[in-house]
Undergrad: 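Mind having a look at this structure? Questions to follow.
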Number of protein chains: 2
Amino acid sequence: MAEKPSRRDQILNAAAELFARHGFHGVGIDDIGAAVGISGPALYRHFRSKDAMLGEMLTSISERLLDGGQRRVDAAASPDEALRELVGWHVDFALDDPALITVQARNLANLTDPDRRRVRALQRRYVEVWVDTIRRTVTDFDEPTARAAAHAVFGLINSTPHSAHLDRDQMAALLTRMALASLAPAAVPS
Amino acid sequence: MAEKPSRRDQILNAAAELFARHGFHGVGIDDIGAAVGISGPALYRHFRSKDAMLGEMLTSISERLLDGGQRRVDAAASPDEALRELVGWHVDFALDDPALITVQARNLANLTDPDRRRVRALQRRYVEVWVDTIRRTVTDFDEPTARAAAHAVFGLINSTPHSAHLDRDQMAALLTRMALASLAPAAVPS
DNA sequence: GGAGGAGGTTAGCAGCCGTTCACATGGGGC
DNA sequence: GCCCCATGTGAACGGCTGCTAACCTCCTCC
């Protein structure tokens, strides 16, 4: 028997979709309700506020990203493999949950202060995993450069939602190839 | 004598900064006014509406991107040079105007229908310039793949605003290197 | 079979926000 | 010197939106 998603999760999924498409402020409480077949204020039986929905959404994404990434790096046998695993992990995430990735990339500013602090902290730790892994394979990057490179790769991979012209597998292959190529050590013209 | 920016342009710049930081709906008319030292409704002496500001902002960015890109490609002597020029152009743009790039990447959804159509059309033409250039240098990409690759490179380059840890020149060098590497023909393991 | 809680409904309120209005003012051309 | 238009102001309005309130209806469990 497949897991029946709880009402909370239904709501969160629908809200993520809407937030991704129209932006946090562009979506009304009634819209979210309508998307799950109930209407407006019924949402308050499940969440304290609209802000709370965004907060829960973003902290959960950030936690999943961080510990999935950490786990894969820990399990990898070599730095190169770690990097490939990390790229694969992020690509899969972005392709499987484009709405969540979009919301996370765009709507940090709409969080409550405490929520934002929490999410920021998680994101920093995730970036740190990337920075360490990158520096173990691309030896000519100093730390700030590696950090900037990590953000650039996120941008590359997270671009997914804007172009659905390829099927999932082709897209995964393309993004993986491009991401790894962009992080390859500088080609030294002999 | 330096160009004195017209009031309109002052407003547009301030609004771009605010839209980039808080999102279109997260910024009030009064906020924009305050940012240029006038207050609230005075803006209506210069723009018909808040939507009109976003509309003008995005069409002007899209036009500048398109014809700068087109010009550089036309002036290039070889496909490889054309691609390098295109990457350099987009990188410069993103680094010089991070707010505009951010707004363009995130706030398409907030445009009026006719404005959105206009901007979409311009963006499509810009992407087409990239697709053609990419396909002339990376011969193993079919058209949909090249289009997806172009979007991915935009994501990579537009990630700029999220990481200001490097100075402009280093950042430009890094982004250019990564973008070109990500588009290099697939390394065939001999 | 009656009590009660979970989850839903509609009506309404309060605050915000884009926009308009009536009015001030100051610098240039006749 | 006067007029007038460009530019700015504060007050007010109307609609939208997040949230609360009051009420209904099952389903469950003793």
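Throughout, protein chains are lettered first and strands after them, A, B, ... in sequence-line order, and every chain is numbered starting at 1.
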Undergrad: Return the value, rounded to whole Å, for the distance between atom CZ of Arg8(B) and atom C1' of dT7(D).
TA: 14 Å

Undergrad: Does Glu56(B) have any salt bridge (charged side-chain N to carboxylate O under 4.0 Å, His left out) partners at least two apart in sequence or in another chain, and if so, which?
TA: Arg8(B)

Undergrad: With the side chain counted from C-beta on, respond yes when Asp80(B) and Leu83(B) share a heavy-atom pair under 4.5 Å apart, and no when they do not.
TA: no

Undergrad: Is it the case that Lys50(B) places NZ or CZ above or below the six-membered ring of Tyr44(B), under 6.0 angstrom from the centre and within 45 degrees of the axis?
TA: no

Undergrad: Consider only side-chain N and O atoms of Arg7(B) and Gln10(B), and report whether a donor and an acceptor are under 3.5 Å apart.
TA: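 The criterion, which ignores hydrogens and geometry beyond distance, is satisfied for Gln10(B) and Arg7(B).
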
Undergrad: Would one find more than 12 heavy atoms of other residues, nucleotides or ligands at under 6.0 Å from atom CZ of Arg168(A)?
TA: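 Enclosed: over 12 neighbouring heavy atoms sit under 6.0 Å from CZ of Arg168(A).
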
Undergrad: Taking the side chain as every heavy atom from C-beta outward, state whether Thr133(B) and Pro79(B) have any atom pair closer than 4.5 Å.
TA: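 No, their side chains stay 4.5 Å or more apart.
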
Undergrad: At under 4.0 Å between heavy atoms, how does the protein contact nucleotides 5-22 of chain C? Give one character per nucleotide, 5' to 3', with B, S or -.
TA: --BBBBB------SBB-B

Undergrad: I would like to know whether Met53(A) and Leu43(A) meet side chain to side chain contact (heavy atoms under 4.5 Å, CB included); could you show each step before the answer?
TA: CA-CA 10 Å; Met53(A) 291 183 213; Leu43(A) 298 175; 3.9 Å; yes

Undergrad: Scan residues 9-18 of chain B against DNA chain D and write down, sorted by residue number, each residue with any heavy atom closer than 4.0 Å; if none is found, say none.
TA: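 None - not one residue of the stretch has a heavy atom sitting under 4.0 Å from the strand.
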
Undergrad: Heavy-atom distance under 4.5 Å between the side chains of His90(A) and Leu65(A), does that happen here?
TA: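 Yes - at least one pair of side-chain heavy atoms lies under 4.5 Å apart.
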
